[in-house]
Chemist: 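Sharing a structure here in structure tokens format.
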Amino acid sequence: MDIAPDADLEKFRAEVAEFLDTAPTPEIREAGRRTTSVFGPFDQVMAWHRILHARGWSAPDWPVEHGGPGWSVEQRYVFADEYQKRGLPPLLPNGLRMIGPLLMELGTPEQQARYLPGILSGEDYWTQGYSEPGAGSDLASLSTMAVPDGDDYVLNGSKIWTTYAHHANRMFMLVRTSREGKKQQGITFLLLDRMDLPGLEVRPIIGLDGAPEQCEVFFTDVRVPQADRVGAENDGWSVAKQLLKHERGGSAHSPMLRRRLEVARAAAAETPSGFGGTLADDPVFQRDLGELEAEVASYEHFEKLAISGHPIARDPAYPSLNKVMSSELTQRISVLMTRVVGLDGLPDQREALLVGSDAEPLGGDLALIAMPYYLNSRATTIYAGTNEVQRDLIARTLRS
Amino acid sequence: MDIAPDADLEKFRAEVAEFLDTAPTPEIREAGRRTTSVFGPFDQVMAWHRILHARGWSAPDWPVEHGGPGWSVEQRYVFADEYQKRGLPPLLPNGLRMIGPLLMELGTPEQQARYLPGILSGEDYWTQGYSEPGAGSDLASLSTMAVPDGDDYVLNGSKIWTTYAHHANRMFMLVRTSREGKKQQGITFLLLDRMDLPGLEVRPIIGLDGAPEQCEVFFTDVRVPQADRVGAENDGWSVAKQLLKHERGGSAHSPMLRRRLEVARAAAAETPSGFGGTLADDPVFQRDLGELEAEVASYEHFEKLAISGHPIARDPAYPSLNKVMSSELTQRISVLMTRVVGLDGLPDQREALLVGSDAEPLGGDLALIAMPYYLNSRATTIYAGTNEVQRDLIARTLRS
Amino acid sequence: MDFTFTEEQTLLRDSVVRALQRDYSFEARQSIVRSGTGWSPDVWARLVELGLTALPFPEDVGGLGGSVVDVVAVAEVFGEHLLVEPYDASIVLAGGVLAAVGRKDELERIASGEAIGALAHEEGRGTPDPSLVTTKAERSADGYALTGEKRLVLHGADADVLVVSARLDAGLALFLVDASAPVATRFTTVDGRRAAHLRFDGAPGTLLAADAEPLLRGVLDRAIVVLAAEAVGAMGGLLRRTAEYASTREQFGVPIGSFQTVAHRLADMKIAYVAARSTLLHTTALAEAGRLAPQDVAVLKAQVGRLGRRVGESAIQTHGGVGMTDELPIGHLHKRVLAVDAMFGGTDHHLRRLGAPRSPAATG
Amino acid sequence: MDFTFTEEQTLLRDSVVRALQRDYSFEARQSIVRSGTGWSPDVWARLVELGLTALPFPEDVGGLGGSVVDVVAVAEVFGEHLLVEPYDASIVLAGGVLAAVGRKDELERIASGEAIGALAHEEGRGTPDPSLVTTKAERSADGYALTGEKRLVLHGADADVLVVSARLDAGLALFLVDASAPVATRFTTVDGRRAAHLRFDGAPGTLLAADAEPLLRGVLDRAIVVLAAEAVGAMGGLLRRTAEYASTREQFGVPIGSFQTVAHRLADMKIAYVAARSTLLHTTALAEAGRLAPQDVAVLKAQVGRLGRRVGESAIQTHGGVGMTDELPIGHLHKRVLAVDAMFGGTDHHLRRLGAPRSPAATG
């Protein structure tokens with residue numbers, strides 16, 4: 001075992017800190033404070049993505065040949081740590097953590113050359129088109145059809161839970177190309193290089209938190225070149241499974257959870273408990289905060305073990321363990337936040353939450369975000385494979 | 001709605017209080033303090049049963065014609081309340097709540113005349129022979145065979161989780177009389193009027209708490225008169241289902257839970273918290289105790305609704321709701337008890353726990369019982385139909 | 001012991017169900033929430049017509065002399081239908097105070113539905129307890145002047161009749177204040193009600209009652225029973241809708257309710273609902289009998305908050321993605337439960353009152 | 001960063017596994033627990049032979065100079081096999097103090113296994129924290145006299161070398177006390193260890209270290225890491241045995257593991273185990289690097305207590321009736337976890353330390 005501190009690392013930390021202290025615009029900082037989802041305010045997050053890219057730091061986990069900074073595991077943790085300490089908004093995951101790594105692995109050289117630069121730089125935003133109204137957890141029963149026609153596919157059907165599709169200029173998606181055999185067969189993985197295609201229509205869906213984060217996308221005779229297929233026709237299921245691996249693991253999520261907890265802790269120091277003194281001084285709050293501190297710590301340890309090459313990362317249950325732990329911690333932290341703000345969480349402040357809004361916020365920063373964050377995070381145990389599906393998968397690895 | 005107080009009831013309360021203050025022997029009181037299970041110390045509980053019977057109060061829920069006292073719902077609650085306030089040991093349920101009511105409903109006049117008096121008076125203790133090593137939750141797959149031979153059945157097989165079988169002089173049981181048809185068919189309900197039959201052997205099983213509460217019973221060519229069958233041959237499954245109704249509902253369980261909570265509360269007032277002051281003054285303990293107070297209150301309200309004839313009692317899910325709520329509350333209260341005693345719960349005091357033991361108890365009364373009570377109560381979610389089975393049943397009533 | 005509704009109560013309740021089913025579909029309710037006023041005078045008129053605004057008041061002010069049981073019977077229905085009209089604010093809270101102090105004029109206008117009342121009492125997280133109020137009343141030339149801030153006053157900026165609690169000398173007093181006097185910050189709550197923070201800066205007030213802490217506690221206790229009834233109604237809606245969804249929504253070729261974890265989650269929702277509703281009915285009966293103790297109210301408020309949250313979260317999880325949208329009642333029902341939990345002391349506040357050492361007299 | 005065992009550590013661990021599989025079957029362990037001494041000198045001799053008693057001590061006292069990682073590697077195995085021999089008491093606790101103060105004579109005897117040591121420190125629920133010790137040392141003609149009571153001293157009545165913490169003037173000091181001096185109340189713990197309450201009534205003591213609070217905290221912190229390793233080993237045993245049982249035990253014609261609630265409970269056991277073990281390994285690495293902060297220890301102790309309880313209770317529920325018997329290791333593994341939770345401050349104690357306000361310097 002080895003966890004010795006390292007002087008070079010401290011130099012690196014100073015360099016990161018200096019940049020993160022100076023590079024983000026006030027709007028980007030504000031966007032960070034007003035992030036109530038995995039998906040922060042779109043314009044500011046993308047602007048920040050481009051600033052980070054200019055410094056070469058937009059994709060800490062990417063290999064050097066594709067534009068990654070070539071950092072060690074420790075450096076990546078230091079970066080995530082300093083990033084989160086400043087409450088900066090996370091970059092959107094779809095490009096950097098999902099379709100990007102997938103294209104590196106399974107894309108053609110042409111696809112890589114065409115698409116990776118825009119993902120790295122933040123020119124492009126990709127939405128994910130997997131779920132359909134009839135196919136949620138049971139993804140394999142999707143029915144949006146792609147029929148070959150000349151060099152193209154012709155698409156008909158609809159997709160739902162396409163995050164920020166109304167902002168997206170690109171999309172990766174699963175379509176049905178065959179009704180033969182098992183329903184997992186006959187699925188194909190496609191790239192859409194634009195969203196303003198004839199016959200493609202996007203309808204935003206308002207969420208519980210009042211934000212149009214998710215969308216429905218309708219396809220009526222939409223033409224997509226077959227060259228934008230990833231993997232073989234009818235082999236999209238295994239392509240998607242490969243992608244899930246990237247989605248469910250491998251990055252440093254714990255610094256963000258820790259940051260959320262610090263926000264709650266700091267707000268508690270300025271909140272009366274109702275029993276005399278502040279919430280921070282209240283033993284009940286301390287115990288509950290302490291429990292989440294301990295849980296976040298264990299999750300951080302789990303992440304560090306995995307990232308540093310401990311065998312846990314090769315456990316077939318690893319991606320599911322990671323998803324369940326991180327999503328349920330997110331929810332528990334969000335509940336603590338709503339407890340801290342109490343009554344002040346009740347005003348619906350969806351207007352004031354917008355970056356640059358004229359609306360006067362009621363209460364402090366936490367009062368503004370606690371309830372929408374809580375409501376939004378109810379989705380973390382639903383998307384990317386419900387936690388029920390994840391537990392099924394974990395249990396399967398325990399069967400002898 | 002009506003919940004008005006009642007002067008007659010207060011007179012009744014005084015009468016009950018006077019009797020319960022004077023009638024129990026010191027050993028019976030000690031047995032109450034040392035009860036760590038639904039099944040208290042056998043000798044003292046049966047002695048107390050006989051004392052109560054002499055006063056006509058051994059079976060508050062029984063109809064007058066079979067020896068019940070003819071109390072109103074309110075009187076039964078008052079009795080249970082005063083009983084529990086004094087920490088008296090509960091009477092064993094097998095006779096009074098299980099086989100007794102069943103015989104009233106389905107027994108022949110001969111069976112009723114022969115068996116009910118001994119159940120009412122506490123002369124007899126009946127053990128229940130349902131489960132088998134291969135048939136736990138899946139009770140219908142039981143395989144102890146009863147083969148008709150003349151006027152008798154000849155029994156071969158074994159039963160497990162026969163509570164206090166080593167103390168019992170009687171037993172009611174399920175046996176297989178046919179292998180035809182669905183496995184629920186072919187089961188027969190039998191009474192054993194003695195336990196010292198040739199070929200019958202009892203082996204006590206030591207539980208986690210160190211007590212021989214459960215037993216295994218082995219049958220080798222044991223002869224039982226067919227006259228001691230309840231219901232028709234091969235109709236035992238419906239007889240057993242009828243009995244379950246009595247087991248799972250209808251009595252005032254909440255006063256006992258409340259009593260347990262009061263014991264924990266009282267001990268907390270004399271226990272240092274480790275943060276200055278006593279545990280009773282500690283806000284964290286108060287919150288956790290308060291949560292159980294609230295849960296016990298809701299359970300009491302649920303019981304009172306049911307007993308007073310609210311439609312909830314006719315909900316097909318009622319017996320399962322009752323079982324899940326009461327068993328899980330029992331467990332949660334037992335956990336709180338172990339928290340109160342902390343380190344003092346660790347010494348194994350199975351010797352000192354016996355009524356009349358010479359062994360010097362370490363720590364107070366709660367230190368003596370908290371850990372065995374906690375360990376014993378792990379079984380409450382397992383026996384009488386696991387809580388998983390109960391939840392299946394509740395969910396089934398919600399399906400449209 | 002009897003915890004059932006009478007035939008009259010059942011009839012009243014049924015009439016409210018019918019009225020809301022007709023005039024208050026989820027879509028209609030959503031347009032009302034999004035409207036300028038945030039609640040519907042037409043719906044209000046319908047409630048007046050049904051006698052609901054007059055329900056709990058004495059006959060000499062035009063009331064029907066109904067009991068807390070009557071109000072609970074209809075409040076469950078309000079909760080399931082996510083009512084946003086000012087019933088709690090005007091009838092239960094402000095009306096409750098005015099009835100207790102015997103202000104006939106205002107009460108008549110409130111009972112008839114022509115005036116809307118509001119009670120400005122809570123001051124945010126620090127003051128779930130009346131003894132912690134810091135808004136101050138000082139004697140002035142022509143009466144009293146009130147200074148302080150009240151948070152989340154239901155319909156606080158819509159009210160014609162504004163009742164305000166404030167510290168007067170050593171005690172707590174209740175005042176009538178001109179509804180236009182405070183500076184109001186209006187907003188919609190997450191559960192779709194209109195409310196406001198109100199700042200009083202020497203606002204002139206008419207004394208309703210001095211040393212009014214017991215009186216106010218009584219009103220708040222009954223209001224908590226009614227709010228709890230709304231929450232229990234919402235829980236019932238969540239349970240019913242989720243059970244239906246689980247029976248009809250198919251995944252992997254079978255209804256999702258046939259997956260044991262979904263089935264068990266439904267069972268747990270039912271257990272929570274039954275526990276909360278049992279406590280609601282029991283506590284209502286105690287209130288009716290005039291035997292409501294502080295700890296009974298604490299049990300009710302805490303159970304509704306805790307169990308309601310659990311039911312709502314389970315409903316969303318079972319619905320999956322669609323449960324996360326503004327387009328289904330599920331999330332709105334959950335937000336109603338959360339809002340009830342946050343008002344007048346949250347779960348933890350009440351649990352700690354229950355767990356605190358008792359004087360031996362209070363044991364039992 | 002590296003959180004793996006070295007090849008040497010894996011070999012050592014494997015040798016312990018082999019030895020215990022051979023000599024320490026569950027049945028053998030149960031006879032040892034029921035025996036008069038309550039632990040087995042033969043097994044102890046085997047541990048000596050394997051070098052385990054000498055493992056963490058410096059070479060100049062016959063030790064092997066092993067690290068905390070070495071001890072953790074074997075302690076997990078001890079936990080899974082429910083070891084009741086005095087390793088924690090003698091090697092980790094008493095040995096830890098003696099090594100820190102450099103008492104070579106006693107250390108040699110302890111490292112060689114010929115003497116058994118014990119540390120009398122905890123005083124019950126009120127004193128998980130060294131600063132709360134009330135046992136007093138007073139200067140006497142020929143040294144010091146100790147008065148007070150220590151609770152649940154592991155192997156407190158079996159020890160040849162007894163180390164005792166006591167208040168001396170304003171600070172906390174550590175003493176050697178003649179092992180026969182205190183009045184001992186012997187007992188077996190629920191997890192099968194021998195322990196004793198010890199009453200000191202002016203017992204003569206030799207000063208090992210004055211102002212020893214930091215020293216003692218260091219020893220206790222490392223002991224907590226080792227105890228946590230035992231608990232994590234026990235959790236691993238619970239998980240493995242329960243997964244096996246669920247795969248083989250049939251009800252309703254199928255393995256019970258094919259019921260989704262059973263499957264999900266197993267998944268939750270795995271999640272809990274992975275979380276606890278990750279924290280164990282991370283904390284061990286910090287200890288090895290000399291970077292163990294109080295909050296790291298608090299996290300570990302709290303997580304092992306909370307998650308361990310959950311794993312044990314799930315294991316019993318999954319096993320059903322047979323899980324409730326003394327005849328299967330399941331309940332004993334659970335009791336080992338519960339005992340570790342109760343010693344040196346329970347879950348809540350440590351959680352509250354974590355949740356308490358921090359000085360800005362400690363943040364990060």
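Just so we're on the same page: letters track the sequence lines, and every chain starts at 1. Quantities reported herein were computed from a predicted structural model and do not represent experimental measurements.
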Chemist: With side chain to side chain donor-acceptor pair (under 3.5 Å) as the criterion, how do B:Asp281 and B:Ser273 come out once you've worked through the C-alpha distance, each side chain's angles and the decisive distance to 0.1 Å?
Modeler: CA-CA 8 Å; B:Asp281 293 322; B:Ser273 71; over 6 Å; no
Chemist: Does a side chain donor of either C:Thr279 or C:Gln303 reach within less than 3.5 Å of an acceptor in the other side chain?
Modeler: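 Per modelled atom types, C:Thr279 and C:Gln303 side chains form no pair under 3.5 Å.
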Chemist: Salt bridge or not for B:Lys304 and B:Glu300, using N-O below 4.0 Å?
Modeler: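 Salt bridge flag = yes for B:Glu300 with B:Lys304.
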Chemist: Given heavy-atom pairs under 4.5 angstrom as the criterion, report whether the side chain, backbone, both or neither of B:Ile3 touches chain C.
Modeler: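 Looking at B:Ile3, backbone and side chain both touch chain C.
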Chemist: What I want to find out is whether B:Asp21 reaches B:Lys85 closely enough, with some N-O distance under 4.0 Å, to be called a salt bridge.
Modeler: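 Salt bridge between B:Asp21 and B:Lys85, a charged N being under 4.0 Å from a carboxylate O: no.
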Chemist: Check whether B:Asp6 gets within reach of chain C through its side chain, its backbone, both or neither, counting any heavy atom under 4.5 Å.
Modeler: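 Neither part; nothing is under 4.5 Å.
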Chemist: For chain B, which residues from residues 348-357 of chain C have at least one heavy atom closer than 4.5 Å to it?
Modeler: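 Listed by number: C:Asp348, C:Leu351, C:Arg352, C:Leu354, C:Gly355, C:Ala356, C:Pro357.
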Chemist: So does C:Leu132 get a backbone contact from the side chain of C:Asp129, meaning a donor-acceptor N/O pair under 3.5 Å?
Modeler: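 Here the side-chain-to-backbone pair does not exist.
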Chemist: Just jot down the side chain to side chain contact (heavy atoms under 4.5 Å, CB included) partners of B:Ser334, sequence neighbours excluded, or say none.
Modeler: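 Per chain and number, B:Ser334 pairs via side chain to side chain contact (heavy atoms under 4.5 Å, CB included) with B:Tyr373, B:Tyr374, B:Ser377.
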Chemist: Any side-chain donor-acceptor pair under 3.5 Å between C:Thr4 and B:His310?
Modeler: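 There is no such pair (donor and acceptor under 3.5 Å, judged by atom type) between the side chains of C:Thr4 and B:His310.
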Chemist: Under 4.5 Å, counting heavy-atom pairs only, tell me which of C:Ile271, C:Val262, C:Thr283 racks up the most with chain B.
Modeler: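 Of the candidates given, the most pairs with chain B belong to C:Ile271.
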Chemist: Find out whether B:Leu257 and B:Glu262 are in side-chain contact, i.e. whether some heavy atom of one side chain is under 4.5 Å from a heavy atom of the other.
Modeler: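 No; the side chains remain at least 4.5 Å from each other.
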Chemist: Between B:Arg391 and B:Val324, is there a side-chain heavy-atom distance shorter than 4.5 Å?
Modeler: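 They are in side-chain contact.
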Chemist: Is any side-chain heavy atom of B:Val284 less than 4.5 Å from a side-chain heavy atom of B:Phe275?
Modeler: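 B:Val284 does not reach B:Phe275 side chain to side chain.
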Chemist: Is there a donor in the side chain of B:Thr381 and an acceptor in the side chain of B:Gln331, or the other way round, less than 3.5 Å apart?
Modeler: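 There is such a pair (donor and acceptor under 3.5 Å, judged by atom type) between the side chains of B:Thr381 and B:Gln331.
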Chemist: With respect to chain C, which residue among B:Pro283, B:Ala268, B:Ala306, B:Ser298 yields the maximal number of heavy-atom pairs within a distance under 4.5 Å?
Modeler: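 Option with the top pair count is B:Ser298.
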Chemist: Keeping C:Tyr87 on the side-chain end and C:Leu52 on the backbone end, is there a donor-acceptor pair under 3.5 Å?
Modeler: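 Pair found, side chain donor or acceptor close to backbone of C:Leu52.
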Chemist: Check whether C:Arg265 gets within reach of chain B through its side chain, its backbone, both or neither, counting any heavy atom under 4.5 Å.
Modeler: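 Neither; nothing under 4.5 Å.
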Chemist: Do the charged groups of B:Glu328 and B:Arg332 touch, with an N to O distance under 4.0 Å?
Modeler: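 No.
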Chemist: May I ask you to name which of C:Arg306, C:Glu288, C:Gln260 has the most heavy-atom pairs under 4.5 Å with chain B?
Modeler: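 Most heavy-atom pairs under 4.5 Å with chain B: C:Arg306.
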Chemist: Using a cut-off of under 4.5 Å on heavy-atom pairs, state which of B:Leu261, B:Ile394, B:Thr397 scores highest against chain C.
Modeler: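 Top count of heavy-atom pairs under 4.5 Å with chain C: B:Ile394.
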Chemist: Can you pull out the residues in residues 231-256 of chain C with any heavy atom less than 4.5 Å from chain B?
Modeler: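 Heavy-atom contacts from residues 231-256 of chain C to chain B are C:Leu239, C:Ala243, C:Glu244, C:Ser247.
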Chemist: Which region of C:Leu307, side chain (C-beta onward) or backbone (N, CA, C, O), has a non-hydrogen atom less than 4.5 Å from a non-hydrogen atom of chain B, or is it both or neither?
Modeler: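 When you check distances to chain B, only side chain atoms of C:Leu307 fall under 4.5 Å.
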Chemist: Looking only at heavy atoms, which of residues 6-13 of chain C get nearer than 4.5 Å to chain B?
Modeler: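 Counting heavy atoms that sit under 4.5 Å from chain B, no residue of residues 6-13 of chain C is involved.
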Chemist: Counting only heavy atoms closer than 4.5 Å, note whether B:Arg396 contacts chain C via side chain, backbone, both or neither.
Modeler: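 Neither part; nothing is under 4.5 Å.
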Chemist: Look at the aromatic rings of B:Phe302 and B:Tyr318 and report parallel, tilted or perpendicular, splitting at 30° and 60°.
Modeler: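 Tilted, since the angle between the ring planes falls between 30° and 60°.
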Chemist: Taking B:Glu291, B:Arg399, B:Glu293 one by one, which has the highest count of heavy-atom pairs under 4.5 Å against chain C?
Modeler: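 Among B:Glu291, B:Arg399, B:Glu293, the one with the most close pairs to chain C is B:Glu291.
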Chemist: Any carboxylate oxygen within less than 4.0 angstrom of a Lys/Arg side-chain nitrogen, looking at B:Asp138 and B:Lys183?
Modeler: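 Yes, this pair counts.
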Chemist: Could you tell me whether the side chain of C:Lys301 and the main chain of C:Gly345 form a donor-acceptor pair under 3.5 Å?
Modeler: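 Yes; judged by distance alone, with no hydrogens or angles, the pair exists.
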Chemist: For B:Trp57 and B:Phe79, take the angle between the two ring planes, folded into 0 to 90°, and tell me which bin it lands in: parallel under 30, tilted 30 to 60, perpendicular over 60.
Modeler: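 If you compare the ring of B:Trp57 with that of B:Phe79, the planes turn out perpendicular.
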Chemist: State whether a side-chain donor-acceptor pair under 3.5 Å links B:Asp392 with C:His264.
Modeler: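 C:His264 and B:Asp392 do have a side-chain donor-acceptor pair below 3.5 Å.
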Chemist: Non-hydrogen atoms of chain B under 4.5 Å away: do they reach the side chain of C:Ala267, the backbone, both or neither?
Modeler: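 Looking at C:Ala267, backbone and side chain both touch chain B.
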